[in-house]
Trainee: 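Here you go, one structure.
Note on naming: letters A, B, ... go to the chains in the order of the sequence lines (proteins, then strands), and numbering restarts at 1 for each one.
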Amino acid sequence: MGIKGKNKQKIVVILGPTASGKSDLAVQLSLRFNGEVVSADSRQVYKGMNIGSGKITKKEMKGVPHYLLDVASPKRKFTASRYKQLSEKAINKILKKKKIPFVCGGSAFYIKALVDGIILPEVPPDWNLRKKLEKEDAESLYKKLKKIDPKRAKNIDRQNKRRLIRAIEIIEKSKKPVPGIKKNSPYNPLFLGLKISQKELSKKIEKRLKKRLQRGMVKEVKKLRESGVSFKRLEEFGMEYEWAAKYLQKKISKKEMVERIQKESEQFAKKQMAWWKNDKRINWIKTQKQAEVLVKSFL
RNA sequence: GCCGCGGUAGCUCAGUGGUAGAGCACUUCUCUGAAAAAGAAGGGGUCGUCGGUUCAAUUCCGACCCGCGGCA
């Protein structure tokens, strides 16, 4: 760490693919180094989504406080920006107690938004506007954007409608061009990345899925539906929620459900790794011991 | 045994007398308030086998092999 990190607040970031053992490591390190955990998971923020999202249980927390779990209703959409606000607040709280924040989770975009200090424009989603723009094709959206904000148009993926719509939304609502991403992080992070072979991971996912089914994963999804979360919404969540929802609607068999979840989890793990593959800041580790050595010298 | 239908990419299947496509999968990549999201690029096929017709066959004809259904 150079001078740059000197005045910044030290935080530890634990990342890695799904089923790699992040949550457990976070608890162990917190116990050892007087820390508290800030989750970085786009599904675990929702209330009632426990088994399918792999949310840590009270018992597994071993008394270590966890933040950013159960902070939203699954009926409403949570966002990266909201995540950033809440997690910053949580970190401040932890630091005030003279404890170490351990940011732990699999949602790379959330981690980046928080740790790398990306400034997300203060424009809330306008679903009506999005719906309207959704009807146009990418080319015409791109042309529209180019006219009102040529600078943003220059770097944007011109075939990605979702991004184009968001950019137009920001401009129309704020009456200003899309601001640049300023990276000005108040943190000095230590990145710990859990590395695990594809084969081993696949086995772990399989074992974990069996356990989840035993613990009542399907029942959990059924309960969510009964509490008013639509099947469409459940399918949007992906993986266990998507396929259990399809199974409950009798669109697929139980066997198919299990196969799809397994497959998609493996794909998801690969995608998760892609975010960090070329990030030189990450210390790739395999054991808790390695993590402890790194954290000790960091603090 | 007979009749019918089928055998084309890892899978499900389009298609054509001038040696082939789609979706999914796979590999690589991007990431400015949905991120388990969204998007991009790429690799891959002796078109069941052997013959025949033709300038040319994956496509037409014949035989055979394999699968599915029906009849006996």
Trainee: Between B:rU32, B:rA34, B:rA35, which one does the side chain of A:Arg152 approach most closely?
Mentor: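 Taking heavy atoms from C-beta onward, the closest nucleotide is B:rU32.
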Trainee: Of the nucleotides B:rG39, B:rC31, B:rU32, which has the atom closest to the A:Gln159 side chain?
Mentor: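 Of the candidates, B:rG39 comes closest.
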Trainee: For the pair made of CD in A:Glu134 and C1' in B:rA34, what is the distance, rounded to whole Å?
Mentor: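 Atom-to-atom, A:Glu134 to B:rA34, this comes out as 11 Å.
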Trainee: Hey, does the side chain of A:Gln267 come within less than 4.0 Å of B:rC26's phosphate (OP1/OP2), counting only N and O?
Mentor: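 The answer is yes; a side-chain N or O of A:Gln267 sits under 4.0 Å from OP1 or OP2.
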Trainee: How long is the line joining CG of A:Leu164 and P of B:rA34, in whole Å?
Mentor: 14 Å
Trainee: Would you please classify the geometry between the A:Tyr83 ring and the A:Phe78 ring as parallel, tilted or perpendicular, with 30° and 60° separating the classes?
Mentor: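 Ring orientation, 0 to 90° scale: perpendicular.
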Trainee: Measuring only the C1' atom in each nucleotide, how far is B:rA9 from B:rC65? A whole number of Å is fine.
Mentor: 22 Å
Trainee: Quantified in whole Å, what is the P atom distance between nucleotide B:rG45 and nucleotide B:rA35?
Mentor: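 Approximately 39 Å lies between the P atom of B:rG45 and that of B:rA35.
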Trainee: What is the distance, to the nearest angstrom, from the OH atom on A:Tyr142 to the P atom on B:rA40?
Mentor: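 After rounding, the reported distance stands at 15 Å.
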Trainee: Using atom P of each nucleotide, how far apart are B:rA25 and B:rG18 to the nearest Å?
Mentor: 32 Å
Trainee: Counting only Watson-Crick pairs (N1-N3 plus N6-O4 or O6-N4) and G-U wobbles (N1-O2, O6-N3), all under 3.5 Å, who is the partner of B:rA38?
Mentor: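 B:rA38 is paired with B:rU30.
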Trainee: Checking side-chain polar atoms at under 3.5 Å, does A:Ser265 have a donor or acceptor matched by the opposite partner on A:Arg208?
Mentor: no
Trainee: Calculate the interatomic distance between A:Arg233 atom CZ and B:rA34 atom P; express it in whole Å.
Mentor: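 Nearest whole value for this atom pair: 11 Å.
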Trainee: Are OP1 or OP2 of B:rA35 and a side-chain N or O of A:Arg43 less than 4.0 angstrom apart?
Mentor: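 For A:Arg43, the contact criterion (side-chain N or O under 4.0 Å from OP1 or OP2 of B:rA35) is met.
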Trainee: When you measure from the side chain of A:Lys112 to the backbone N and O of A:Ile118, does any donor-acceptor pair fall under 3.5 Å?
Mentor: no
Trainee: Which part of the nucleic acid, if any, lies within contact of A:Gly105, taking any heavy atom under 4.0 Å across all strands shown: a base, the sugar-phosphate backbone alone, or nothing?
Mentor: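 Here A:Gly105 touches no strand at all.
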Trainee: Would you mind classifying the nucleic acid contact of A:Arg82 as base, sugar-phosphate or nothing, using non-hydrogen atoms under 4.0 angstrom?
Mentor: nothing
Trainee: Examine the base of B:rA34 for any acceptor or donor lying under 3.5 Å from a partner atom in the side chain of A:Arg130, and report the outcome as yes or no.
Mentor: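 Indeed, a donor on one side and an acceptor on the other fall under 3.5 Å apart.
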Trainee: Any base atoms under 4.0 Å from A:Lys84, or only sugar-phosphate, or nothing? Heavy atoms, all strands.
Mentor: nothing
Trainee: A:Lys55 and A:Asn50: side-chain hydrogen bond (donor to acceptor under 3.5 Å, both in side chains), yes or no, with the steps?
Mentor: CA-CA 5 Å; A:Lys55 199 182 287 169; A:Asn50 305 323; 2.8 Å; yes
Trainee: Could you tell me the separation between the NZ atom of A:Lys271 and the C1' atom of B:rA40, rounded to a whole number of Å?
Mentor: 13 Å
Trainee: Rounding to an integer number of angstrom, what distance separates B:rU12 and B:rG67 when you compare their P atoms?
Mentor: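 Rounded to whole Å, the distance is 16 Å.
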Trainee: Could you tell me if A:Glu256 and A:Trp243 have a donor-acceptor pair between their side chains, going purely by distance under 3.5 Å?
Mentor: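 Side-chain D/A pair, A:Trp243 to A:Glu256: absent.
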Trainee: What integer number of Å spans the C1' atoms of B:rG21 and B:rG15?
Mentor: 7 Å
Trainee: Do the charged groups of A:Lys232 and A:Glu242 touch, with an N to O distance under 4.0 Å?
Mentor: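 A salt bridge is absent here (no side-chain N lies under 4.0 Å from a carboxylate O).
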Trainee: Tell which nucleotide pairs with B:rG44, taking only Watson-Crick or G-U wobble pairs whose two distances are both under 3.5 angstrom.
Mentor: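 Because no pair has both required distances under 3.5 Å, B:rG44 counts as unpaired.
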Trainee: Which is true for A:Glu240 with a 4.0 Å heavy-atom rule: it touches a base, it touches only sugar-phosphate, or it touches nothing?
Mentor: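 Base contact.
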Trainee: Between A:Asn278 and A:Ile118, who's closer to the 5' end of RNA chain B by nearest nucleotide?
Mentor: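 With A:Asn278 and A:Ile118 compared, the 5'-side residue is A:Asn278.
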Trainee: Taking atom C1' in both B:rA40 and B:rC31, what distance in whole Å separates the two?
Mentor: 11 Å
Trainee: Rounded to the nearest 0.5 Å, how far does OG of A:Ser20 lie from CG of A:Leu194?
Mentor: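 Rounded to the nearest 0.5 Å, the CG-OG separation comes out at 4.5 Å.
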Trainee: Partner of B:rU12 by Watson-Crick or G-U wobble geometry, both contacts under 3.5 Å, or none?
Mentor: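 Pair assignment: B:rU12 / B:rA22.
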Trainee: Quick one: label A:Ser265 by what it contacts on the DNA or RNA (base, sugar-phosphate, nothing), any heavy atom closer than 4.0 Å.
Mentor: nothing
Trainee: By the 4.0 Å heavy-atom rule, please label A:Tyr241 as base, sugar-phosphate, or nothing.
Mentor: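 Nothing: the residue A:Tyr241, judged by heavy atoms under 4.0 Å, touches no strand.
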Trainee: Look at A:Lys112 and B:rU32 and indicate whether a side-chain polar atom (N or O) is within less than 4.0 Å of OP1 or OP2.
Mentor: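 Answer is no, no contact under 4.0 Å.
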Trainee: How is A:Lys270 classified with respect to the nucleic acid when contacts are heavy atoms under 4.0 Å: base, sugar-phosphate, or nothing?
Mentor: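 It contacts sugar-phosphate atoms only.
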Trainee: Under 6.0 Å from the six-membered ring centre of A:Tyr110 and within 45° of its axis: does the NZ or CZ of A:Lys84 meet both?
Mentor: no
Trainee: Does B:rC29 have OP1 or OP2 under 4.0 Å away from a side-chain N or O of A:Lys277?
Mentor: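 Affirmative; the distance criterion is met.
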Trainee: Determine which nucleotide pairs with B:rG17, using a 3.5 Å limit on both distances of a Watson-Crick or G-U wobble pair.
Mentor: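 WC or wobble partner does not exist here.
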Trainee: Just the rounded figure in Å: distance from P of B:rA34 to CD of A:Glu242.
Mentor: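 So the CD-P distance, A:Glu242 to B:rA34, works out to 19 Å.
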Trainee: Considering just the side-chain nitrogens and oxygens of A:Arg163, establish if one lies under 4.0 Å of OP1 or OP2 belonging to B:rU32.
Mentor: yes
Trainee: For A:Tyr142 and A:Gln159, does a side-chain donor sit closer than 3.5 Å to a side-chain acceptor?
Mentor: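 The answer is no; no qualifying pair exists.
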Trainee: Which whole-number value in Å describes the distance from A:Leu120 CG to B:rA35 C1'?
Mentor: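 Going from CG in A:Leu120 over to C1' in B:rA35 covers 12 Å.
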Trainee: Roughly how many Å apart are B:rG62 and B:rC5, using the P atom of each and rounding to a whole number?
Mentor: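 My reading of the P atoms in B:rC5 and B:rG62 gives 12 Å.
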Trainee: Quick one: is A:Arg166 getting a side-chain N or O under 4.0 Å of the B:rA34 phosphate, OP1 or OP2?
Mentor: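 Result: no.
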Trainee: Just name whichever nucleotide pairs with B:rU58, Watson-Crick or G-U, keeping both distances under 3.5 Å, else none.
Mentor: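 Paired with no nucleotide.
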Trainee: Is there a donor-acceptor pair under 3.5 Å between the side chain of A:Gln249 and the backbone N or O of A:Ala245?
Mentor: yes
Trainee: In the strands shown, is B:rC2 matched to any nucleotide by a Watson-Crick or G-U wobble pair with both distances under 3.5 Å, and which?
Mentor: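 Across all strands, the one nucleotide that pairs with B:rC2 is B:rG70.
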Trainee: Just compare B:rU32, B:rA25, B:rA40 and give me whichever is closest to any side-chain atom of A:Asp157.
Mentor: B:rA40
Trainee: Expressed in angstrom and rounded to an integer, what is the separation of A:Trp275 atom CH2 from B:rA38 atom P?
Mentor: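 The distance from CH2 of A:Trp275 to P of B:rA38 comes to 13 Å, rounded to the nearest Å.
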Trainee: Counting C-beta onward and ignoring hydrogens, is there a side-chain heavy-atom pair between A:Arg225 and A:Val221 closer than 4.5 Å?
Mentor: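 Not touching, per the 4.5 Å side-chain cut-off.
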Trainee: Considering only the P atoms, how many Å lie between B:rG7 and B:rG44, rounded to the nearest integer?
Mentor: 24 Å
Trainee: Give the nucleotide from the list B:rA40, B:rA25, B:rA34 with an atom nearest to the side chain of A:Lys263.
Mentor: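 Of B:rA40, B:rA25, B:rA34, B:rA25 is nearest to the side chain of A:Lys263.
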Trainee: Would you mind classifying the nucleic acid contact of A:Tyr83 as base, sugar-phosphate or nothing, using non-hydrogen atoms under 4.0 angstrom?
Mentor: nothing
Trainee: Got a donor-acceptor pair under 3.5 Å from the side chain of A:Asn160 to the base of B:rA38?
Mentor: yes
Trainee: What does A:Trp243 touch in the nucleic acid at a heavy-atom separation under 4.0 angstrom: a base, only the sugar-phosphate, or nothing?
Mentor: nothing
Trainee: Provide a list of protein-nucleic acid N or O atom pairs under 3.5 angstrom, restricted to nucleotides 42-44 of chain B.
Mentor:
none

Trainee: Assess, by modelled atom type and distance only, whether the side chains of A:Glu36 and A:Tyr67 contain a donor and an acceptor separated by less than 3.5 Å.
Mentor: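 Yes, because at least one side-chain N or O of A:Glu36 sits under 3.5 Å from a partner of the opposite role on A:Tyr67.
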Trainee: Taking the nucleotide of RNA chain B with the closest heavy atom to each, which residue, A:Pro124 or A:Met239, is nearer the 5' end?
Mentor: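 Here A:Pro124 is the residue nearer the 5' end.
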